[in-house]
Amino acid sequence: MQDVETRAIGKVMWRLIPFLIVCYFVAYLDRVNVGFAKLHMNQALGLSEAAFGLGAGLFFVGYFLFEVPSNIFLEKVGARVWIARIMITWGIVSAAFAFIPSISAATGIPTTGVFYSLRLLLGACEAGFFPGIIFYLTLWFPAVYRARVISLFMLAIPISSIVGSPISGMLLGVTGWGLEGWQWLFILEALPSVLVGICVLLYLTDFPRQARWLQQDEIAWLENVQATEKRNKERVEHLSLGQALTDPRILACALVYFCLNAASYGVAFFLPTIIKGFGVSDTQTGLLAALPFVFGAAGMVLLGRHSDRTMERKGHVAAALLMAAVGIGLAGLVSNSVLVMALLCFAQIGVSAVPPMFWPLPASFLTGASAAAGIAAINSLGNLSGFAGPYAMGYLKDLTGNFTAGLLLLAGCALVGAVVVMMLRIDVRREQLSGDVAMAH
């Protein structure tokens with residue numbers, strides 16, 4: 001049986017994970033490229049810093065509102081068709097940002113209104129993508145493999161920033177056919193989403209029983225494991241979403257995740273603007289914007305490994321959030337560009353390291369099927385700060401003329417997260433046993 005298991009998992013791993021990393025790579029690229037487009041788009045569209053921050057954040061409102069309906073549809077029509085639909089529609093909407101002036105002229109809606117509407121629509125189109133992939137992975141990987149598989153999949157986040165930032169910076173220099181660089185940026189980075197979406201339809205397989213690339217004994221082993229795990233889950237009492245939303249520990253975890261995302265996205269959407277302020281070119285901005293994420297990827301791996309080795313989560317999460325708070329806060333107080341970059345790199349080590357170490361915490365007190373509702377609640381509430389962080393940054397930049405107040409506010413969020421996570425009442429033994437991690441985004 002061990003031979004069958006090794007063969008089956010090996011084949012599934014090589015068939016699915018590299019392709020799904022590519023899918024998430026283009027997703028994350030389309031989510032954050034607006035920060036680079038902003039370097040020229042704000043002037044072209046007449047957007048204030050606050051208006052940009054509001055629009056950047058509206059993505060997460062659309063994402064929040066449509067995440068649950070999207071997951072319901074995914075279960076009805078199948079992961080392959082629904083993930084393809086998500087990718088193709090968000091690619092089309094992402095490309096539409098290039099034509100905001102034309103849409104505004106044709107409809108009479110101000111450019112700001114078109115920008116807001118498209119950001120909201122982009123969030124609605126992408127809603128359910130990450131949970132959909134996580135659900136899809138549960139159809140192929142037994143529980144004992146999921147934590148490491150999802151960790152591999154999540155490496156697409158720093159990779160997309162490391163590779164995508166220099167590309168976005170260079171694309172700002174592309175002009176032609178009456179379109180400016182920021183417009184070409186949206187069009188050329190939206191194309192891969194549509195093309196990969198079409199590939200999803202052709203390449204992914206919904207269930208093991210449909211996999212022609214597996215042998216019969218491998219299919220039988222996978223289906224047997226899935227059936228056993230499903231029976232075990234159905235025996236466990238289910239926690240409703242209402243109960244999840246009133247559990248103090250779940251609300252505390254949601255607050256920690258909210259604080260992390262406020263700091264993370266608040267900095268990410270304005271990072272190109274902060275770097276451009278050093279007096280560098282667009283291409284140099286792209287290269288420098290990749291640097292914090294190189295450190296972030298290293299932090300994710302090293303701190304995550306240390307947390308696994310010591311089987312301690314709370315202290316590691318708090319320490320990583322403190323790193324983020326110190327780095328972001330001091331970056332707002334110093335003016336030397338080299339020092340600002342060094343501090344933002346230090347902060348990103350903490351920011352990137354938190355998610356893989358954070359998600360085992362709720363998994364240590366939520367059992368079986370009850371984990372689904374609890375983790376969905378934490379994820380949904382926590383992601384709303386993707387709206388709050390960028391809006392606060394833009395508003396405070398307009399108010400004060402610099403990023404100091406905004407960065408100090410985001411540093412304060414990270415600090416609150418560190419304090420709250422240390423106050424979580426979790427039995428140390430249960431924390432140590434939470435090896436099988438349910439993860440979200």
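For reference, positions follow the sequence shown, starting with 1.
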| task | Compare every heavy atom of Ala95 with every heavy atom of Ala190, then report the nearest pair and how far apart it is. | result | CB-N, 3.6 Å
| request: Determine the minimum heavy-atom distance between Ser70 and Gly128, stating which atoms define it. | output: OG-CA, 3.6 Å
| message | Show the nearest heavy-atom pair for residues Ala56 and Pro390, with the distance to one decimal. | response | CB-CB, 4.2 Å
| message | Within the 4.5 Å heavy-atom criterion, are Tyr395 and Glu49 side-chain neighbours or not? | response | no
| Qualifying ring pair (Phe, Tyr, Trp, His ring centres under 6.0 Å) pairs with a residue from residues 300-333, counting only residues at least two apart or across chains | His306-His316
| said: Could you tell me if the side chain of Met393 sits less than 4.5 Å from the side chain of Leu407, heavy atoms only? | reply: yes
| Is Gln348 reaching over with its side chain to a backbone N or O of Pro292, donor-acceptor style, under 3.5 angstrom? | no
| message | Between Trp177 and Trp184, does the side-chain contact (heavy atoms from CB on, under 4.5 Å) criterion hold? Intermediate values first, please. | response | CA-CA 10 Å; Trp177 291 355; Trp184 279 113; 3.9 Å; yes
Quick one: side chains of residues 196-205, donor-acceptor pairs under 3.5 Å with protein atoms, not counting sequence neighbours, listed by atom name and distance.
from   : atom 1 : to     : atom 2 : distance (Å)
Tyr203 : OH     : Arg15  : O      : 2.8
Thr205 : OG1    : Trp213 : NE1    : 3.1

| field | Side-chain heavy-atom pair Ile349, Leu303 within 4.5 angstrom cut-off | value | yes
| query | Tell me, which pairs form a ring pair (Phe, Tyr, Trp, His ring centres under 6.0 Å) where one or both residues lie in residues 270-302, sequence neighbours left out? | reply | Phe52-Phe270, Phe270-Phe403
| field | side-chain contact (heavy atoms from CB on, under 4.5 Å) between Phe115 and Phe97, intermediate numbers included | value | CA-CA 7 Å; Phe115 177 61; Phe97 280 84; 3.8 Å; yes
| Tyr116, OH: over 12 other non-hydrogen atoms inside 6.0 angstrom | yes
| message | Let me confirm one number: the CG-OG distance from Leu288 to Ser337, rounded to the nearest 0.5 Å. | response | 9.0 Å
| field | CG on Leu260 to OG on Ser352, rounded to 0.5 Å | value | 9.0 Å
| field | Pro101 and Leu45, any side-chain heavy atoms less than 4.5 Å apart | value | yes
| Centroid-to-centroid, Phe64 to Phe60, below 6.0 Å? | no
| message | Between Asn261 and Gly382 (side chain of the first, backbone of the second, donor and acceptor by atom type, cut-off under 3.5 Å), is there such a pair? | response | yes
| Counterpart residues, side-chain hydrogen bond (donor to acceptor under 3.5 Å, both in side chains), relative to Ser48 (two or more places apart) | Asp398
| query | Hey, are the side chains of Trp182 and Lys38 touching, using non-hydrogen atoms and a 4.5 Å cut-off? | reply | no
| field | CZ on Phe66 to CG on Leu120, rounded to 0.5 Å | value | 7.5 Å
| message | Any non-hydrogen side-chain atom of Val34 less than 4.5 Å from a side-chain atom of Arg119? | response | yes
| task | Report yes if the distance between the aromatic ring centroids of Trp90 and Phe129 is under 6.0 Å, otherwise no. | result | yes
| Expected output: side-chain Ser193 to main-chain Gly91 donor-acceptor under 3.5 Å | no
| task | Give the intermediate values and the outcome of side-chain contact (heavy atoms from CB on, under 4.5 Å) for residues Ile86 and Cys125. | result | CA-CA 6 Å; Ile86 288 172; Cys125 287; 6.0 Å; no
| field | Atom of Ser165, atom of Ala290 and distance for their closest heavy-atom approach | value | CB-N, 3.8 Å
| Quick one: do the Glu189 and Ser94 side chains pair a donor with an acceptor below 3.5 Å? | no
| message | Under the salt bridge (Lys or Arg N to Asp or Glu O under 4.0 Å) definition, can you give me all pairs with a residue in residues 275-298, not counting sequence neighbours? | response | Lys276-Asp282
| query | Can you list the steps and then say if Ile275 with Met341 is a side-chain contact (heavy atoms from CB on, under 4.5 Å)? | reply | CA-CA 8 Å; Ile275 294 170; Met341 273 309 296; 3.9 Å; yes
| Do the non-hydrogen side-chain atoms of Ile83 and Leu74 ever get within less than 4.5 Å of each other? | yes
| said: Tell me the closest heavy-atom pair linking Phe59 and Glu126, and the distance in Å. | reply: CZ-OE1, 3.4 Å
| query | Does the Gln284 side chain pair with the main chain of Ser281, one donor and one acceptor, at a distance under 3.5 Å? | reply | yes
| So, does Thr404 use its side chain to make a donor-acceptor pair with the main chain of Gly332 at under 3.5 Å? | yes
| Roughly how far apart are Leu344 CG and Leu339 CG, rounded to 0.5 Å? | 10.0 Å
| message | Suppose the criterion is salt bridge (Lys or Arg N to Asp or Glu O under 4.0 Å): which pairs have a residue in residues 322-346, not counting sequence neighbours? | response | none
| note | Taken to the nearest 0.5 Å, the spacing of Leu333 CG from Ile328 CD1 works out to 12.5 Å
| remark: For Leu410 and Ala262, the nearest pair of non-hydrogen atoms, with its separation, is CD2-O, 3.4 Å
| query | Got a second to check how far Leu188's CG is from Asn33's CG, nearest 0.5 Å? | reply | 11.0 Å
| said: Measuring only between side-chain heavy atoms, which start at C-beta, is Leu381 closer than 4.5 Å to Phe258? | reply: no
| field | Any donor-acceptor pair under 3.5 Å from Ser104 side chain to Ile100 backbone | value | no
